[in-house]
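Please read these numbers as outputs of a predicted model, since none were measured by experiment.
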Amino acid sequence: MAANEAFSLEVGGRAVGVATGGVVPDSASAAEAPVVLLVHGAGMNRTVWQLQTRWLAHHGYTPLAIDLPGHGLSDGEPLGSVADMAAWLGEAITAVSQRLDCTQVRLVGHSMGSLICTGAAAADHERIARLVLLGTAAAMPVHPALLGAAERNELLAPELMTAWSHGNRAHVATNPTPGLWMLGGGLALLERADKGVIHADLSACAVYEAGDAAARVKCPVTVIVGSEDKMTPPRAAAPLIADFGNVDVVHLAGAGHMMMNEDPAAVRTALAAALT
């Protein structure tokens, strides 16, 4: 069953791809299990959360991993800036709130998704109860070689992103799921992005400036950082962390930027504590 067949959602009249962890939510279940919206990073889609959504769905939450416009199963073109994506996420929260009759959601964002979630939380103090950020930073500059390859729609772009976003263990075939190749899976995911999507996302990240967004967030925040994250190293998150008013930091030893796949058990443990 396709993700949007399990739980259909529209934002601005366009279909949004959603993964629910195998449990189809309704207003009755959402009243008992808090709604968690999970937002992916550049060039990716809802499937990056597959090792978290099923766990959340069976441990007292209503997970909705969504595809941004132009990604995965979502209609439309990719949006041109993090601010536009944050505004779209606000519209998605409205659609979810109406669909499930809920007044608040919890946001979980990875990489570019963390910037989007921070922007949404900074603008909406009433409907966002908690914020969890993975692989985040106050700024996300993009290497010119990567940006150029993405603009030319070259395979080099997914290859560079895959290599840089995984820690050392992933590069020597270590995988929490026996028999699977983590780097191969990451490369295949990015290769599925439509032409222009990766470049649009990386361009949005390259010019992003956090400004006072973190200071304007009022809900509790948890930042999860990987010690081997080359894309958004822990030091890059420090200025953002300093600006949050109510923040916890979780350090994952040996994890790279794709920590949800590299150390899914540790990420689930961190989510369980952060989303309560």
Is there a chain of hydrophobic side chains (I, L, V, M, F, W, Y, each step under 4.5 Å between heavy atoms) that links [X] to [Y]?
| X | Y | value |
| --- | --- | --- |
| V225 | M260 | no |
| L9 | V36 | no |
| L160 | L147 | yes |
| L79 | V11 | yes |
| V82 | L107 | yes |

Just how far is it from atom [atom1] of [X] to atom [atom2] of [Y], taken to the nearest 0.5 Å?
| X | Y | atom1 | atom2 | result |
| --- | --- | --- | --- | --- |
| S8 | R99 | OG | CZ | 4.5 Å |
| L271 | W55 | CG | CH2 | 7.5 Å |
| H171 | R169 | NE2 | CZ | 12.0 Å |
| I241 | R235 | CD1 | CZ | 13.0 Å |
| M85 | I116 | CE | CD1 | 5.0 Å |
| C219 | Q104 | SG | CD | 9.0 Å |

Do [X] and [Y] have side chains that get closer than 4.5 Å, going by heavy atoms?
| X | Y | result |
| --- | --- | --- |
| W49 | P63 | no |
| L189 | V48 | yes |
| L252 | V267 | yes |
| V39 | H110 | no |
| H251 | V249 | yes |
| M258 | N261 | yes |
| P69 | D75 | no |
| L64 | L100 | yes |

Problem - H257 side chain to S111 side chain, donor-acceptor N/O pair below 3.5 angstrom - result: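 Indeed, the side chains of H257 and S111 share at least one donor-acceptor pair under 3.5 Å.
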Practice task
State, without any angle test, whether T94 and R127 hold a side-chain donor-acceptor pair at a distance under 3.5 Å.
Solution key: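 R127 and T94 do have a side-chain donor-acceptor pair below 3.5 Å.
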Practice task
Apply the test side-chain contact (heavy atoms from CB on, under 4.5 Å) to residues I128 and R106: give CA-CA distance (whole Å), side-chain angles for both, the deciding distance (0.1 Å), then the verdict.
Solution key: CA-CA 6 Å; I128 298 172; R106 288 148 168 78; over 6 Å; no
Side-chain ([X]) to main-chain ([Y]) donor-acceptor, under 3.5 angstrom:
| X | Y | result |
| --- | --- | --- |
| N45 | D67 | no |
| T162 | P158 | yes |
| S74 | G17 | yes |
| T62 | A33 | yes |
| E228 | N168 | yes |
| T222 | V132 | no |
| D229 | G256 | no |
| D26 | S29 | yes |

Heavy-atom pair of closest approach, residues [X] and [Y]:
| X | Y | result |
| --- | --- | --- |
| K230 | P233 | O-CD, 3.8 Å |
| G21 | A57 | O-CB, 3.9 Å |
| A86 | A120 | CB-N, 3.8 Å |
| V217 | A122 | CG2-N, 3.8 Å |
| M161 | S165 | O-OG, 2.6 Å |
| I198 | G43 | CG1-CA, 3.9 Å |

Practice task
Report the C-alpha distance between H199 and N153 in whole Å, list the side-chain angles of each, state the deciding distance to 0.1 Å, and finish with yes or no for side-chain contact (heavy atoms from CB on, under 4.5 Å).
Solution key: CA-CA 8 Å; H199 181 253; N153 292 299; 5.8 Å; no
Handout entry: is_close_aromatic(H71, H40), centroid dist under 6.0 Å
Key =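 Yes, close enough.
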Exercise for the section: For the residue pair W164 and H143, categorise the inter-ring angle as parallel (less than 30°), tilted (30 to 60°) or perpendicular (more than 60°). Expected result: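 Tilted.
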Handout entry: Crowding at CD, E191 (>12 non-hydrogen neighbours, <6.0 Å)
Key =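 For E191, atom CD is crowded (more than 12 foreign heavy atoms under 6.0 Å).
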Which of these, [options], sits in a side chain to side chain contact (heavy atoms under 4.5 Å, CB included) with [X]?
| X | options | value |
| --- | --- | --- |
| V108 | L131, L275, I224 | L275 |
| V16 | I66, L73, L68 | I66 |
| S114 | V223, L134, L240, L133 | L133 |

Practice task
Please test M112 against Y208 for side-chain contact (heavy atoms from CB on, under 4.5 Å), starting from the C-alpha separation and ending with a verdict.
Solution key: CA-CA 10 Å; M112 183 180 76; Y208 172 79; over 6 Å; no
Exercise for the section: Kindly indicate whether a cation-pi arrangement holds for R216 with F244, taking the cut-offs as under 6.0 Å to the six-membered ring centre and within 45° of the axis. Expected result: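 Geometry flag: not set, cation outside 6.0 Å or 45°.
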Practice task
Determine which pairs satisfy side-chain hydrogen bond (donor to acceptor under 3.5 Å, both in side chains) with at least one residue from residues 262-276, sequence neighbours left out, and list them in order.
Solution key: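 Qualifying pairs: none.
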Exercise for the section: Verify side-chain contact (heavy atoms from CB on, under 4.5 Å) between T53 and R46, making sure each step is shown before the conclusion. Expected result: CA-CA 10 Å; T53 51; R46 70 200 179 284; over 6 Å; no
